[in-house]
Amino acid sequence: MKNQRWQQRPPNSNWGEFGPDDQRGRMNYVTREKVLQGISEVKEGITFVLSLPLDYPGGSALNPRRHPPRIAATQRNGRQNFCYAVAQDNPMQTDVVCDDLVLLTLQYSTQWDSFAHVGSNFDADGDGKPEPVFYNGFRAGKEIVPAAENPTAESWAKFEGSRADALGIQNLAEHGAQGRGVMIDLHAHFGRKRHAVGFDDLRRIMDADKVEIERGDIVCLHTGFADMLLEFRKNPTPEALHDTCTGLDGRDEKLLQWISDSGLSVLAADNYAVELFSTTPWKPAPHAMLPLHEHCLFKNGIHLGELWYFTKLAGWLREHKRNRFLLTAPPLRLPGAVGSPATPIATV
């Protein structure tokens with residue numbers, strides 16, 4: 001293909017399936033018909049918020065590079081623009097104004113991952129030398145660009161200017177993150193036991209709960225992890241964070257193949273990272289630390305949602321013997337960002 005930015009694509013990937021310049025990946029499967037399927041699942045008009053408060057989990061124990069939001073007032077005439085009586089400037093005006101700003105780590109709490117979040121060192125040029133590259137061959141340093149480091153700036157602004165000129169989260173926002181959600185309730189089968197869920201586990205649970213996944217479905221995994229975070233009231237213990245609840249086994253090749261074959265458009269979970277994190281090597285050759293992230297974000301253009309809140313929705317669906325619903329979950333339309341907070345809504 002003349003304009004193709006890669007000569008060879010990663011194994012088990014779909015690069016080029018939606019065109020050489022595609023930045024939406026398997027959201028292309030979420031068509032008008034798929035949205036209508038989601039709408040057809042609305043029977044009761046009941047809505048469930050699927051977001052944690054954005055100041056959860058609390059602290060930085062879950063990820064030391066991500067911090068709780070910091071909210072402050074904007075300034076007005078050298079004073080804080082909060083409960084500001086405009087009569088100070090014009091006695092004829094009665095307005096009292098509050099206006100604020102936030103320093104927000106975009107992937108601190110309930111979040112979306114864009115395809116610019118995780119790439120890989122891969123020989124896309126076919127010249128025998130791997131280079132840092134992202135979904136569909138977009139390049140680090142060219143389309144996904146680090147900032148020019150400013151050592152004199154304060155820490156949060158030191159790397160200001162980093163930007164995903166391709167694969168940014170705005171692509172998901174502009175497509176419209178709405179469609180048919182399908183719940184797989186891992187918590188109902190494992191409770192809060194720490195367990196890496198592979199293909200065999202997943203297939204057994206889906207058969208037991210009569211869950212069927214069709215092309216374009218937004219698959220949601222309830223593990224109970226987010227509910228546990230709420231119980232800790234923004235002070236979770238390291239043991240609870242790293243030794244509680246299920247997650248997918250990203251090292252299970254059968255599971256990764258099922259993700260490809262199922263046609264699902266998105267994977268969202270109420271835990272951290274969707275897959276269980278492990279630092280122990282598992283292949284003799286160089287490999288990804290987070291293989292499910294590599295498979296979804298880098299190879300196949302499948303967005304990941306993390307730290308969503310599914311407890312109330314999952315309970316209602318199980319009580320009513322349902323597992324499908326309308327899901328509306330737009331990220332911020334923030335050009336150049338690699339992730340975004342979200343406040344998803346399920347309607348049943």
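Owing to the predicted nature of the structure, the values given are computational and were not obtained by experimental measurement. Residue numbers run from 1 in the order of the sequence given.
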**Message:** What verdict does the side chain to side chain contact (heavy atoms under 4.5 Å, CB included) test give for L186 and I205, after you've listed the backbone C-alpha separation in whole Å, the side-chain angles of each residue and the deciding distance to 0.1 Å?
**Reply:** CA-CA 7 Å; L186 303 179; I205 290 169; 3.7 Å; yes
Same cluster or not: [X] versus [Y], using hydrophobic residues (I, L, V, M, F, W, Y) connected whenever any side-chain heavy atoms lie under 4.5 Å apart?
| X | Y | answer |
| --- | --- | --- |
| F199 | V274 | yes |
| L292 | I184 | yes |
| W308 | L317 | yes |
| L221 | F325 | no |
| I259 | M206 | yes |

Over all atoms of both residues, closest heavy-atom pair of [X] and [Y]:
| X | Y | value |
| --- | --- | --- |
| P57 | L62 | CG-CD2, 3.9 Å |
| W112 | P331 | CD1-CB, 3.5 Å |
| D270 | G224 | OD2-N, 2.9 Å |
| S13 | P10 | OG-O, 2.7 Å |
| F138 | I144 | CB-CD1, 3.9 Å |

**M289 and F277: CA distance, side-chain angles, deciding distance, side chain to side chain contact (heavy atoms under 4.5 Å, CB included) verdict** = CA-CA 8 Å; M289 177 178 64; F277 180 87; 3.7 Å; yes
Tell me whether [X] is salt-bridged to [Y], with the criterion being a basic N under 4.0 Å from an acidic carboxylate O.
| X | Y | value |
| --- | --- | --- |
| D99 | R76 | no |
| R194 | D243 | no |
| D200 | R204 | no |
| E231 | R192 | yes |
| E214 | R180 | yes |
| D165 | R139 | no |

For the backbone of [Y] and the side chain of [X], can you confirm whether one donor and one acceptor N or O come within less than 3.5 Å of each other?
| X | Y | result |
| --- | --- | --- |
| T223 | F225 | yes |
| N171 | G168 | yes |
| R26 | L264 | yes |
| E41 | G38 | no |
| D217 | V219 | no |
| D95 | V97 | no |
| N323 | K210 | yes |
| D185 | H189 | no |
| S114 | V338 | yes |
| H175 | M27 | yes |

Side chains of [X] and [Y]: does their closest heavy-atom pair fall under 4.5 Å?
| X | Y | result |
| --- | --- | --- |
| R5 | D21 | yes |
| D22 | N28 | yes |
| S265 | H303 | no |
| L313 | V348 | yes |
| T237 | F232 | yes |
| N271 | L307 | no |
| Y272 | E306 | yes |
| R66 | Q111 | yes |

**Criterion side chain to side chain contact (heavy atoms under 4.5 Å, CB included) on D100 and I71, from CA distance to verdict** = CA-CA 7 Å; D100 51 9; I71 301 175; 3.8 Å; yes
Which label fits [X] and [Y]: parallel for a plane angle under 30°, tilted from 30 to 60°, or perpendicular past 60°?
| X | Y | answer |
| --- | --- | --- |
| F18 | Y29 | perpendicular |
| H187 | H222 | tilted |
| W316 | H320 | parallel |

**Item:** Aromatic ring proximity W15/F134, centre distance under 6.0 Å
**Value:** no
**Request:** Assert yes or no for the condition that the ring centre distance of H67 to Y108 is strictly below 6.0 Å.
**Result:** no
Would you check if there is a donor-acceptor pair between the side chains of [Y] and [X] at a distance under 3.5 Å?
| X | Y | result |
| --- | --- | --- |
| Q7 | D125 | no |
| H195 | D201 | yes |
| Y135 | N300 | no |
| Q75 | N81 | no |

**Request:** Could you go through the side-chain hydrogen bond (donor to acceptor under 3.5 Å, both in side chains) check for K34 and Q37 one step at a time?
**Result:** CA-CA 5 Å; K34 202 70 202 178; Q37 283 184 351; 2.7 Å; yes
Roughly how far, to the nearest 0.5 Å, is the [atom2] atom of [Y] from the [atom1] atom of [X]?
| X | Y | atom1 | atom2 | value |
| --- | --- | --- | --- | --- |
| L267 | E275 | CG | CD | 10.0 Å |
| I218 | M183 | CD1 | CE | 12.0 Å |
| E253 | Q257 | CD | CD | 9.0 Å |
| I169 | L106 | CD1 | CG | 9.5 Å |
| R215 | D261 | CZ | CG | 13.0 Å |
| R203 | L255 | CZ | CG | 11.5 Å |

**Prompt:** Got a sec, which residues hit side chain to side chain donor-acceptor pair (under 3.5 Å) with N77, two or more places apart in sequence or on another chain?
**Reply:** Y84, D89
Just wondering, more than 12 heavy atoms not from [X] lying within 6.0 Å of its [atom1]?
| X | atom1 | answer |
| --- | --- | --- |
| E212 | CD | no |
| R79 | CZ | yes |
| Q93 | CD | yes |

**Prompt:** In this structure, which one of K321, R318, R324 forms a salt bridge (charged side-chain N to carboxylate O under 4.0 Å, His left out) with D209?
**Reply:**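 The salt bridge (charged side-chain N to carboxylate O under 4.0 Å, His left out) with D209 is passed solely by R318 among K321, R318, R324.
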Per-pair distances, 0.1 Å, donor-acceptor, side chain in residues 42-55, under 3.5 Å, sequence neighbours excluded:
{"unit_1": "K43", "atom_1": "NZ", "unit_2": "S40", "atom_2": "O", "d": "2.9"}
{"unit_1": "S51", "atom_1": "OG", "unit_2": "A342", "atom_2": "O", "d": "3.2"}
{"unit_1": "D55", "atom_1": "OD2", "unit_2": "K234", "atom_2": "NZ", "d": "2.9"}

